[in-house]
Amino acid sequence: MDRKNKKEETLFPILGNGGGCGCGDEFEVNKSGYELFFERKLDRRSALGSIAGGLMAGLGLLNAACSPFGDTEKAELQWDDYFKKNFRLMSDREKEETVSRLERLYERNNRGSVNIAATDSQEGVLYGYAFNISKCKGYMDCVNACVSENNQDRKSGMKYIQIHELENGRLNFHGAETDFYHEVPAAGHFYVGTQCFQCENPPCVDVCPVKATWKEKDGIVVVDYDWCIGCRYCEAACPYHARRFNWSEPVVPEEELNRNQHYLGNRPRKKGVVEKCTFCIQRSREGRNPACVEACPTGARIFGNLLDPESPIRWVLANKKVFRLKEDLGTEPKFWYFMD
Amino acid sequence: MDGKTYTADENSKSISAFGSFVKDAFNSVTSGGSRYHIWMGSLTFLMLVAAFAYSVQLREGLSVTGMSDHVSWGLYISNFTFLVGVAAAAVMLVLPAYVLKDVDFKGAVLIGEGLAVAALVMCLSFVVVDLGGPARMWHLIPFIGLFNWPQSMLAWDVIVLNGYLVINITIPAYILWKHYKGERPNPKIYLPGVFLSVFWAVGIHMVTAFLYAGLPSRPFWNSSLLGPRFLASAFAAGPALIILILGIIRRHTEYDIKTETLNKIALIVTVAAQINLIMLGSEIFKEFYAPTEHSASAIYLFFGLEGQNSLVPWIWTGILLNVFATAALTLHRYRKDIRLLNWACALLFLGIWIEKGMGLIVPGFIPGQWGEIVEYFPSWVEIAVTVGVWAFGAFVFTILVKVAVPIELGKVRFTKD
């Protein structure tokens, strides 16, 4: 479907519907946002939600209404965005509305536009990853590719991937550098990359007080950035230092922004929320490799569907001697290491 | 209420009594000597400074704190943890006063409950200021948001802390209300709440301990001793603070707190502090007799690791205060001397604040998951907000005491016109 048409079709109903009830009421363009808002049917969640946060959003609306340009569209979009549900509870229609609202909001706030997908997981897919310790030379191309693919905050230098420079002789991360500025590979060292291991039994998911993070059917652990309250309990619970918090408003220069986005992946985050590696959900769900796999010049990174016997990851698991990190914690990472 | 049916006339009387209660309470709170006004004025000033600091944090994000992705909880959560213990400690007065009917505790119990309310208000404030998205806090409200209960210990904590707050507001409020009207409170009404609060007090602190102990990723916290240890340190620090406060109330009001009451509370503090030290010894033995990789946090805390040792003087100060105060309390001669008792309680309170606050939370994150050592120092914003939250707690507590004491003294009573 043509992207532009789709946007015009789906943008306006949300003004009357707010992602709140999804009951599909008719909309009239002539009505003001206020009328549309107060005439819509409310379920208990959205009604109480509206009351609870009404003051805050009302102030925003008042502010917008008093502004010289009378930007009520933006205020309404923000209002609806504030009261939207947790992504997991949205119907397909609500997901679509939410995504087009976010796209519209991005257009209103910035020069360019973005393309946000809400693609669901596919049947018979469970993603897994393998890392070849013999091949990694510490070139860091994966790290850079990850940062630009996933629109990570440039100001704080946020990175999902860490490449540890370990001394030969033992597999010990203590004292291993992750920020090195010398020629690689360094003599007497080898390199091990860590990132989110997309555990089958993720401790970060259990601890979240508001279910803002969960494991998708294809095994990817995701975060609903707009539902996260920023308590950072998940950061404390993760044994692999996989999660990152936006300590301040993330900055990505407009010209460096990756515009192909996913709601649960690389769409722009805000300050005060947690994010993490999603195996590049915006790519993997389209059948592509994550950016780190594609960028690796030595072929140390293998990605694929664990349920597909023909996949490269299954080949590695069947033909190599593999191991996982901190297996004693029972988290069942879907991230294996092997050597040639 | 009392099993009687109320007529419309009685209802309207009740409403007018409530109106006059509010008015009398307001008068009590706003009148006082110059020292009282200086006290409340200073607290207000500290709260305003905190409000400014918090506004900076809201605008810039939590980057203005000393926290990072390595040490992701700091001064706020440290104080939260400690204050849950202070709140839970009210049970040590509630249990003897209401359940064991020990007359010596009768005068102190309302103060203890007021302290629990103030501590809980501080706890909730510390959690809120620590949130990255306080505007999205409604996601935490059951049925409106999406509550991860029973999986998340934080969801449990939200329930138990708010529940405990409700219990500790309603019981004293009912008793004060009855006294205000010159009636006897009906034990059938408040005793079920009292029994509930006894279990609930233990619950809030165990749940808070489980919040940390339930994380296998952090070996420093992942100990089955953490819950019992939390209780022991709470029952030492909380009643120690109550002794100090009762001393102040005794000096500045006519409210009669008997020396016998202080002695009994001091005994509770002593036993709890002793048990706390035994558990500390047990932990130290386990970490240092045969240190494994999981002992790295303890090594960092007590001796420093790879040249990083900013918590070392901090924790040793705490340990020394604890040992010294516990030893002083253990000797009857010193404990029975009110002046020395006050000193011992103050030092013990400070020692446990150090040990159970930053001394517990920060080393949980150091070294990090891959052995990296990133230290933590609170920023001026964190310190200002923390001081302000404590001032807020003291403000709330002062108001509660200022209302309760004149009613308990019989100076403020409902007069039918």
Side-chain angles (χ1 to χ4, degrees), chain A residues 44-46 48-49 51-53 56 82-83 85-86 88-89 155-156 158 162 164 172-176 178 194 203-212 226-233 235-249 270-274 326 328-331, chain B residues 57-65 67-73 77 127-128 130-141 143-149 151-158 211-212 214-219 221-222 293 296 305-306 361 364-365 367-373:
Chain A
R44 182 180 53 176
R45 176 190 304 276
S46 55
L48 289 170
I51 294 162
M56 195 169 292
Y82 180 74
F83 287 113
K85 292 179 190 172
N86 182 304
R88 248 194 310 183
L89 297 183
K155 206 170 133 199
S156 66
M158 186 192 287
Q162 282 180 295
H164 307 259
N172 191 337
F173 287 84
H174 290 248
T178 53
T194 58
C204 53
V205 167
D206 289 339
V207 299
C208 178
V210 293
K211 299 189 185 178
D226 293 334
W227 198 259
C228 172
I229 57 172
C231 71
R232 309 187 297 290
Y233 197 6
E235 249 191 329
C238 173
Y240 305 108
H241 190 47
R243 288 178 170 253
R244 301 289 179 271
F245 183 71
N246 286 286
W247 298 93
S248 50
E249 195 71 46
K270 51 186 158 223
K271 73 166 186 276
V273 302
V274 165
K326 300 192 187 181
D328 48 330
L329 295 178
T331 52
Chain B
Q57 184 187 303
L58 272 184
R59 194 178 64 234
E60 302 294 325
L62 284 160
S63 54
V64 297
T65 69
M67 293 183 276
S68 64
D69 282 326
H70 289 95
V71 182
S72 48
W73 283 336
I77 296 299
V127 172
V128 172
D130 187 66
L131 288 184
R136 294 184 293 283
M137 214 160 51
W138 62 272
H139 296 172
L140 268 174
I141 304 171
F143 304 110
I144 297 170
L146 193 58
F147 208 49
N148 192 13
W149 188 85
Q151 277 80 26
S152 172
M153 279 299 128
L154 203 52
W156 276 88
D157 228 4
V158 170
L211 201 147
Y212 305 104
L215 301 179
S217 61
R218 308 283 171 185
W221 299 334
N222 188 215
E293 200 176 323
L305 209 57
E306 292 168 29
I361 303 305
F365 294 102
Q369 303 297 12
W370 301 120
E372 66 282 21
I373 296 173

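A note on names: the letters A, B, ... follow the listed sequences, proteins ahead of strands, and every chain is numbered from 1. No hydrogens, no waters, no symmetry mates; every other heavy atom, side chains included, goes into these values.
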A:Ser156: what forms a side-chain contact (heavy atoms from CB on, under 4.5 Å) with it, not counting sequence neighbours?
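Here the qualifying residues are A:Asp153, A:Met158.
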For [X], is it the side chain, the backbone, both, or neither that has a heavy atom closer than 4.5 Å to a heavy atom of chain B?
X: A:Asp328; value: neither
X: A:Leu329; value: side chain
X: A:Thr194; value: side chain
X: A:Val274; value: neither

Got a donor-acceptor contact below 3.5 angstrom from the [X] side chain to the [Y] backbone?
X: A:Tyr233; Y: B:Leu211; answer: yes
X: A:Trp247; Y: B:Gly61; answer: no
X: A:Lys271; Y: B:Leu58; answer: yes

Closest heavy-atom pair and its distance - [X], [Y]:
X: A:Arg232; Y: B:Leu62; value: NH1-CD1, 3.3 Å
X: A:Ala236; Y: B:Ser217; value: O-OG, 2.9 Å
X: A:Val210; Y: B:Asn148; value: N-CB, 4.2 Å

Report the relative orientation of the aromatic rings in A:Phe83 and B:Trp138; use parallel for angles under 30°, tilted for 30 to 60°, perpendicular for over 60°.
tilted
Just verifying a value: how many Å separate [X] [atom1] and [Y] [atom2], rounded to the nearest 0.5 Å?
X: B:Trp370; Y: A:His164; atom1: CH2; atom2: NE2; value: 6.0 Å
X: B:Asp157; Y: A:Cys231; atom1: CG; atom2: SG; value: 11.0 Å
X: A:His241; Y: B:Phe365; atom1: NE2; atom2: CZ; value: 11.5 Å
X: A:Cys228; Y: B:His139; atom1: SG; atom2: NE2; value: 10.0 Å
X: A:Arg243; Y: B:Gln369; atom1: CZ; atom2: CD; value: 12.5 Å

Please determine whether the number of non-hydrogen atoms from other residues, nucleotides or ligands lying under 6.0 Å from atom NZ of A:Lys155 exceeds 12.
no
Under a 4.5 Å heavy-atom cut-off, does chain A meet the side chain of [X], its backbone, both or neither?
X: B:Ile361; value: neither
X: B:Leu154; value: both
X: B:Glu60; value: backbone
X: B:Phe147; value: both

Modelled atom types, side-chain donor and acceptor of B:Glu293 and A:His174, under 3.5 Å
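Note: B:Glu293 and A:His174 side chains meet the donor-acceptor criterion.
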Comparing A:Cys238, A:Ala176, A:Pro203, A:Gly175 against chain B, the one with the most heavy-atom pairs below 4.5 Å turns out to be A:Cys238
Among A:Gly272, A:Pro209, A:Gly230, A:Ala237, residue most engaged with chain B (heavy-atom pairs, under 4.5 Å):
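Highest number of pairs under 4.5 Å: A:Pro209.
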Tell me, out of B:Pro367, B:Ser63, B:Ala155, who's got the most heavy-atom pairs with chain A below 4.5 Å.
B:Ser63
Hey, which of B:Arg218, B:Gln151, B:Arg59 has the most heavy atom pairs under 4.5 Å with chain A?
B:Arg218
Side chains of A:Ile229 and B:Met137, heavy atoms from C-beta outward: is any pair under 4.5 Å?
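They are not in side-chain contact.
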One pair to check against side chain to side chain contact (heavy atoms under 4.5 Å, CB included): A:Val273 and B:Arg136. What are the steps and the verdict?
CA-CA 11 Å; A:Val273 302; B:Arg136 294 184 293 283; 3.1 Å; yes
